[in-house]
Amino acid sequence: MHISIFELFSVGIGPSSSHTVGPMRAAVTFLEDLDDAGKLDRTFRLRAELFGSLGLTGKGHGTDTAVILGFEGEHPESVDPFSVAERLQRVYEQKKLRISGRREIVFDAKTDLIFHRKEVLKGHPNGMRFHAYDEFGEIGAEAFYSIGGGFVVREHELKEDQKARETAEVPYPFDTADELIGHCNREQLSLCDIMYANECAQCPSEEVDAYLDLIWKTMQECVQNGLHNTGTLPGGLKVERRAAKFYSKLQLHPEAALRDPLTVIDWVNLYALAVNEENAAGGRVVTAPTNGAAGIIPSVLHYATRFHPRKDEDKQVRNFLLTSAAIGSLYKKNASISGADVGCQGEVGVACSMAAGALAEYIGCTPDQIENAAEVGMEHNLGLTCDPIGGLVQIPCIERNAMGSVKAINAARIAWRGDGDNFVSLDKVIRTMLATGRDMKMKYKETSRGGLAVNVVEC
Ligand code: SF4
């Protein structure tokens with residue numbers, strides 16, 4: 001079963017992979033299906049129902065925006081984030097949308113976008129159902145599930161998707177960390193080599209390289225945007241953006257920074273804050289492996305390239321991303337990367353583990369040490385709940401990415417100073433994460449009904 005870098009990393013907009021990127025992809029797919037069936041031209045009304053976690057926190061996470069944009073024919077990877085506010089205002093005021101960008105139909109978000117706060121579809125906590133009507137009645141309806149990291153499946157694909165991956169031919173199949181490290185040790189290859197060989201069995205190597213370069217370029221642009229954009233984040237909590245101010249302070253006294261070696265942590269924090277503020281503002285980000293946790297991998301990779309520069313940086317960056325994807329795929333196969341499914345340990349915890357292993361690879365660790373780093377990165381995130389205040393991906397999410405980034409670097413260093421032997425294996429910690437997620441009460445899984453979400457009064 002192979003989960004590709006093309007699935008684990010995707011370019012989209014904030015604030016949430018499961019609540020924004022996934023629903024937009026689902027809505028546009030629904031319309032494309034209608035078009036293929038020759039029904040789009042006679043569609044004169046659309047309706048969307050959102051269930052489970054989408055119903056509870058969808059508004060704060062921008063699900064309404066995502067569905068409207070999807071109905072207008074937008075894809076998460078190409079939508080212009082700067083045009084979104086104006087387009088939404090038009091849809092809400094005029095009660096009309098441009099279906100697939102072709103012609104206007106009547107659309108009243110108050111009645112055509114329904115948030116079911118108490119109902120859950122049986123396939124996954126993030127379920128949605130779309131309906132299309134012509135003048136005589138319903139001409140199409142389909143349920144979709146946003147299963148984490150922007151992945152979307154139709155009802156019948158929940159099982160088929162898994163089957164297709166199980167039969168995909170790759171030279172080094174692996175379902176567990178044990179199998180992955182086994183390939184590495186047998187073939188004298190690193191985790192990134194294994195992942196690269198598997199990717200290239202499915203897609204030309206030039207395309208794989210180009211995609212990895214695009215991911216890194218998008219991460220860099222996102223950090224730059226986050227370092228310069230100022231103001232208040234949308235959504236009503238009135239959270240001030242901090243990254244630009246931090247950045248000015250850090251640049252102001254570079255000589256003081258030289259006297260304090262821990263200044264490097266300030267930079268790591270800054271990179272993560274920059275990405276997650278962009279995400280919260282609906283900017284362009286890389287889902288890595290989710291939007292809520294999108295700051296950790298770019299932050300640790302910025303740290304690596306800046307403080308451990310390499311001559312062959314392009315290749316090292318690709319290897320970093322490939323290693324992190326190999327680790328992320330283990331969580332996707334054996335547990336979950338959805339906060340609505342297993343809490344924040346599945347988002348920030350997984351990103352921390354991916355970044356820890358990837359950094360270990362970058363600084364020259366053995367496969368056993370890389371596995372150790374990834375394990376440590378998750379072990380100390382076990383039990384982390386998802387409790388966003390106001391249903392917004394802001395508090396605790398933004399700072400949590402900074403904390404996760406620093407933790408990932410520490411995990412890599414712990415592994416680097418060791419010999420790769422560990423008491424708890426990566427496979428065991430993944431199983432433990434899933435079991436912990438299963439035991440976690442629903443209120444701690446992206447419902448905004450527990451934790452900080454109910455203990456901090458919204459202003
Ligand atoms: S608390 Fe964690 S899982 Fe929940 S929305 Fe924030 S980043 Fe995502």
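Order of listing sets the numbers, starting from 1, for every ligand and every atom in it.
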**Q.** Beyond-backbone contact of Glu49 with Glu119, side-chain heavy atoms, under 4.5 angstrom
**A.** no

Q) With a 4.5 Å heavy-atom cut-off, do Pro289 and Val350 have their side chains touching? A) yes

Q | Side chains of Ser425 and Glu371, donor plus acceptor under 3.5 Å | A | no

(Q) With heavy-atom distances below 4.0 Å as the criterion, list the atoms of ligand 1 near Arg400. (A) 1 (S)

Q.
Could you tell me, atom by atom, which parts of ligand 1 come under 4.0 Å of a heavy atom of Cys386?
A. 1 (S), 3 (S), 4 (Fe), 5 (S)

(Q) Quick test: of every protein heavy atom, which one is nearest to atom 8 (Fe) of ligand 1, and how far off is it to 0.1 Å? (A) Glu347 OE1, 2.9 Å

Q: Give a yes or no on whether Cys344 keeps an N, O or S atom under 2.8 Å from atom 4 (Fe) of ligand 1.
A: no

(Q) Is Cys397 close enough to atom 6 (Fe) of ligand 1 that one of its N, O or S atoms comes in under 2.8 Å? (A) yes

**Q.** Test side-chain hydrogen bond (donor to acceptor under 3.5 Å, both in side chains) applied to Tyr145 and Glu157, Glu155, His124, the passing residue
**A.** Glu155

Q.
Between Lys217 and Glu221, does any side-chain N to carboxylate O distance fall below 4.0 Å?
A. yes

